[in-house]
Amino acid sequence: MVDLIWLVPALPLVGFAVLLVAGRRMGEPAAGWFATAMVGASFLTAVVAFIGLGGLEEQVFVQTLFTWMPTGDISIDAGFYLDPLSGVMILFVTGVATLIHMYSIGYMHGDPNFSKFFLYLNLFVFSMLVLVLGDNLLMTFLGWEGVGACSYFLISFWFTKPANASAGKKAFVTNRIGDWGFMVGMFMVLFTFGTLSYSEFLPLAPGLATTTATFIAVMLLIGAIGKSAQMPLFVWLPDAMAGPTPVSALIHAATMVTAGVYLLARINPVLAVSADWVLPLIAWIGAITAFVAATIAVAQNDIKKVLAFSTVSQLGYMFLAIGVGAYWAAIFHMITHAFFKALLFLCAGSVIHGMHEHQDMRVMGALKKFLPITFGAYIVGWLSLAGVPPFSGFFSKDEILAYAFDVNPVLWFIGLAAAGLTAFYMGRQAFTVFWGTPHWHPEEESVEEVPPAVTGTEAEVLADADDPAATSAATVVATAQPAVDVSDLPDDFEPHESPWTMTVPLVVLAVAAAFGGLLNIPLPSSLHFLERWLSPVFELGGPTKLSLSDGSILLLLSVSALVAIGGTLAAAAVYLWHKVPSAPLEPAVLANGWYIDSSITAFMGGPGTAGFQATADVDTKVVDGAVLGVGAGVGRLAQASRYLQSGHVRRYALSVGVGTVVILGFMFTRVVI
Amino acid sequence: MELFPSDAVFTPDVSWVALWPMVVMALGGLLLLTISSLGKGRIPRPFYALWAVLTSVGSFITAIPLWAQVHGWEDAVLWYDPEVDPTGPFSTVGGVIAADGFSVFLTMLIAVSMVAVVLVIEAYLDREQDRFPEMFALTMFAALGGMVMVSANDLIVLLLGLETLSVAAYVLAAMDLRRVQSQEAGFKYFVLGAFSSAFFLYGIAFIYGATGGTGLVHITDFLAANVLLGSSGLMLLLGLGLLIVGFAFKVALVPFHSWSPDVYDGTPSPLVTFMSSVVKVAAFAGMLRVLVMAFESAGADWRPVIQGLAVLSLVGGALGAIVQSNVKRLLAYSSISHAGFILLGVEAASDVGTAAVVIYLTAYSALVIGSFTVVTLVARSGDRLHTLTDYQGLGRTSPLVAGLFTFFLLAQAGVPFTAGFYAKFSAVIAAVDAGTAWLAAVAMLSAVIAAYLYLRLVVTMWFVDPAAETDTSHVGVPAAAGIALAGCAAAVLWIGIFPNTLTDWAERSVPAVVQPAPPNLVESGDEADADVEFEVGPDGMPGMPGPMPGEMDFGELDLESLGIDPAELEAMLEGGDLGFDVDVEFEDPPG
């Protein structure tokens, strides 16, 4: 049954090819259903292969398709590598992707590029599966680049909005930094082991020299940081939310961004033999990212931005898990996160859909009775992300925190603080959007005596987001009433529930998010299904064994639960019962993400661009300057012929001349006397 | 006393099979000029295009038997002849023309590129309503020069090829009479080209002074047997440095690159396809054969220079391109960056490196011809629209052209499953294999920077609304250009997905050090009455031009026709006063 593994990526590829040729003719909704069917079939195949894998003795299956690149003594095959880790990955990737495809049929209804959207989505799923299933680092890199390109295209899908095109660019550029690290690491692997194949080099990893292992680990870590939006390369992910919401759910929450975590988990034997500061480095990057992103999420007003920073924060937990040696816990959290974060994004999409494309939470409120199904699903996602028992997020996050406590209590404390913030900002979102008073009727605003200066066009609000002073002012005002113009909504506007193609995936994901924790119940240890299933993969990586007693684990569980509930209650006090003013809790520095993004932008726009310009001017200024300085005498000689040309040719010739002098000068030093 | 009378003629051994591709190209060009001058305006222009295509195809076909002779007949399916054994690499015309895997493959590559180039020129001339059959003839002569360069086994012949190529290229650059930039480009190219050719020739003179010869095989042997110290060592190294300068100019390496953005900008767009493909192939081939083969033992001297040039070109090309607003200038800088990548293969000075160069040149030719074909089409009538503004919104007005351009650009950026990725991959492998991993890291970093500029073009085409002054008319694809584009795109995709085909060929495309065949004194025949074999000392032998040490077999000689009295020869041999060893077997011993 495992022989069918090639079908898993092949089916979405077929979907892509067919849509490429005939997508426009299929039209709406046939193209969408076709794409959904392809990914769905891929999911079923993955289930079959997964069951087959369980029946194998070795639990590793390598399928070589063809020899791809014979280069000298090294040859690289195109093939697939199915083991417990990639088996789990393909299951949730295809499963979540199928639901999101289906959801998109409703969400993208009426879009002029309907079939093109599904074409990209299918290509994305194919790339993601190649990334996960690839038998070697080069295949993984292929998928890595493929998902990056699809992400870029999908962020810019509505390219008529300049913000989207620019966000797409930012994602691309940031990712290239990570790609560089991946490439260098990959070549280092190739020249250390003479192969890129996981099944060949991973078993050899324990014999690596520490420096080599450290170099490979750090380079691949740079790649992982870029892809998984960790500090300091996280700036692109929140902007990536400019794309259609299903894209945010699929690519920027559930699957692609977890690729960095997957990569680190995959190379765990290399991490194990690298210098002893590498794993703590990963843990600290993760913990700090988790905390900082959570603080930023507290002060966002865009419903999707809150979820975006929350994604960055949750990815931080996964890095933390890797860093403390709890590889399987990282994968566990990755799976539950895929369920509940995809769910939350899809709910947000449903809300946005019902609100006629308004994304600002300040114009929402009291939506629970208008969008009952969405509301119900959202509750599950919310409590799951907030870490309230017994939803899945509670179990997976708590495993990470338990391991962190075991390794370094400071890490645990940061993680716990971030968990409290998570519960708080999610409570804030839930209460603002679904409870309280509705804010979408212009006449109600006038009742509340809106100062005229506050209502502006949407464009101004967009511009304000970049201007800290204006945003803080807007944030202060927002505590009383919306600062966003809703005059484009009709007077009798009422939010409406989404069509069934959108709500069915919500319900399915809600069930998964609610019960995902069953994959691995913390106590007793006989219920550690996932840990046991994944253990062969991490054998060489020397995973941390939890040394805590059952009592301590129970204690930690209770603390986590209390923090989650406490955070939620705090949010309720501020945003539901209005006992505490919210303005001081949303300072400008948080709303603007600690100014990290704007600092980078300021640098790239100012000194950075100037730097590029200066380097490019090397021809005309630096080189020519040096040339003209050195060759002043020659220059005077050449004055005579100056009338022939504007002088450029002479300068070029001098540039050639100076180059020659340098080369010949070098040759002088090489003479053997 | 002299063994041979002074009027005896030594003719070099000529293997016509090695020369046919060049001969076809030369004759094709000459005949085209003749026909066009006789036919005046009566012959329709497409005839010339067809003629040039057929000539290039003919040149390719005549290279197949040569391939077979070098690699074996099994490879040349069409010409399969089990009776004939392959000879392996050989050299001919007195050892100045090499026929090895390297020269055959690149000759074929030039011939194929020529087909695409001619098609693009035809599409351009058709649009511009120009007659100019000279454009075809000049590119054919330039291609001939390129073929000579890839086969040259002697520095003088290399220079001959270089000049044949360059002089034609100077004229091509100035071919657009309506635009003053074109004349300016031709002028600049000529002045600077002459400047660098002078360096090159000077370098040859130094090397001749140091080694006593210009043949690459001679230089190889000489350097293997001798260590040059002091002033003769300096002479050799200065010569080597000057040769590098000459090559660096031709392939546009920083800091010898300044001409290339101006020239690319001014030259009629279809001809830039030629300049960036065939010219680069030829110049890199020459550079590789000289440095990696002839100066292999001096690797420690030239490798740092090439590494320095590679770094400068990789980084300078990528950064320079970022601020360009003219697409042709942007691509010119990008090709400087590509040249830096190719240097990784040269710098490796190994068989892996040579294969990487061959792979890169092949992939790059397809990419760059495709890209500049698009540039030619988008420029519209008058060849004038080249700024980024002119590409705004192209994705909506002309999705086919924009799609193809996007594909070529992404391939140039090195996206997997395209030829560009595999080429870069091979170059990086070669560099790391040669122990210069740091250079590979620099190259990858520059590829990251360069990706930005390709992306910028892609974004301009698909995601930017056309400005008011942008020409938003649909860009059509004429049949001729369409064939070229389809061919390039197919090659880029094929190499990307099935690179092993190319690798198989590239790995056998290695320049070989082949001793020259002995000169023919007289055709062997029935009348031969002696089998003469000489072993010649270092001073050569009397009556033969130039020193030619080593053993040589003169084969069977007809002594009578040479005016040698067998009895006298016999006496000389016994007297032992010849100054060299000679072994003669008489069929009919005198006396």
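Each chain gets a letter, A, B and so on, in the order the sequences are listed, and its residues count up from 1.
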Under a 4.5 Å cut-off applied to non-hydrogen side-chain atoms, are [X] and [Y] in contact?
| X | Y | result |
| --- | --- | --- |
| Phe199(B) | Val656(A) | yes |
| Phe256(B) | Thr660(A) | yes |
| Leu234(B) | Met667(A) | no |
| Val448(B) | Asp179(A) | no |
| Phe187(A) | Ile429(B) | yes |
| Phe666(A) | Asp301(B) | no |

(Q) As an exercise, state the distance from CD1 of Ile306(B) to CD1 of Ile663(A), rounded to the nearest 0.5 Å. (A)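 Between atom CD1 of Ile306(B) and atom CD1 of Ile663(A) there are 7.5 Å.
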
Q) So Phe421(B) and Leu138(A), side chain to side chain contact (heavy atoms under 4.5 Å, CB included) or not? Walk me through it. A) CA-CA 12 Å; Phe421(B) 173 77; Leu138(A) 191 66; 3.7 Å; yes

(Q) To check you understand the geometry: which heavy-atom pair defines the closest contact between Ser655(A) and Pro255(B), and what is its length? (A)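 Taking every non-hydrogen atom into account, OG-O, 2.8 Å.
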
Q. Looking only at heavy atoms, which two atoms of Leu238(B) and Leu664(A) are closest? And how far apart?
A.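 Closest approach of Leu238(B) to Leu664(A): O-CD2, 3.7 Å.
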
Q: Answer with yes or no after comparing the ring centroid distance for Phe425(B) and Phe141(A) against a 6.0 Å cut-off, counting only values under it.
A: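 Between Phe141(A) and Phe425(B), which both carry aromatic rings, the centre distance is not below 6.0 Å.
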
Q | Neighbour count >12 (heavy atoms, 6.0 Å) for atom CZ, Phe193(A) | A |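 It does: Phe193(A) CZ has more than 12 such atoms within range.
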
Q. Within a reach of under 6.0 Å around OH of Tyr202(B), are more than 12 heavy atoms found that belong to other residues, nucleotides or ligands?
A.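 12 or below, so no.
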
Under 3.5 Å donor-acceptor pairs involving side-chain atoms of residues 312-323 of chain B, not counting sequence neighbours:
| residue | atom | partner | partner atom | Å |
| --- | --- | --- | --- | --- |
| Ser313(B) | OG | Val254(B) | N | 3.2 |
| Ser313(B) | OG | Leu309(B) | O | 2.7 |

Q | Residue Ala300(B) versus chain A: region with a heavy atom under 4.5 Å | A |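 Both backbone and side chain of Ala300(B) come within 4.5 Å of chain A.
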
Which residue out of [options] racks up the most heavy-atom pairs below 4.5 Å with chain A?
| options | answer |
| --- | --- |
| Leu242(B), Leu410(B), Val415(B) | Leu242(B) |
| Val305(B), Leu237(B), Leu228(B) | Leu237(B) |
| Ile244(B), Asp351(B), Val428(B) | Val428(B) |

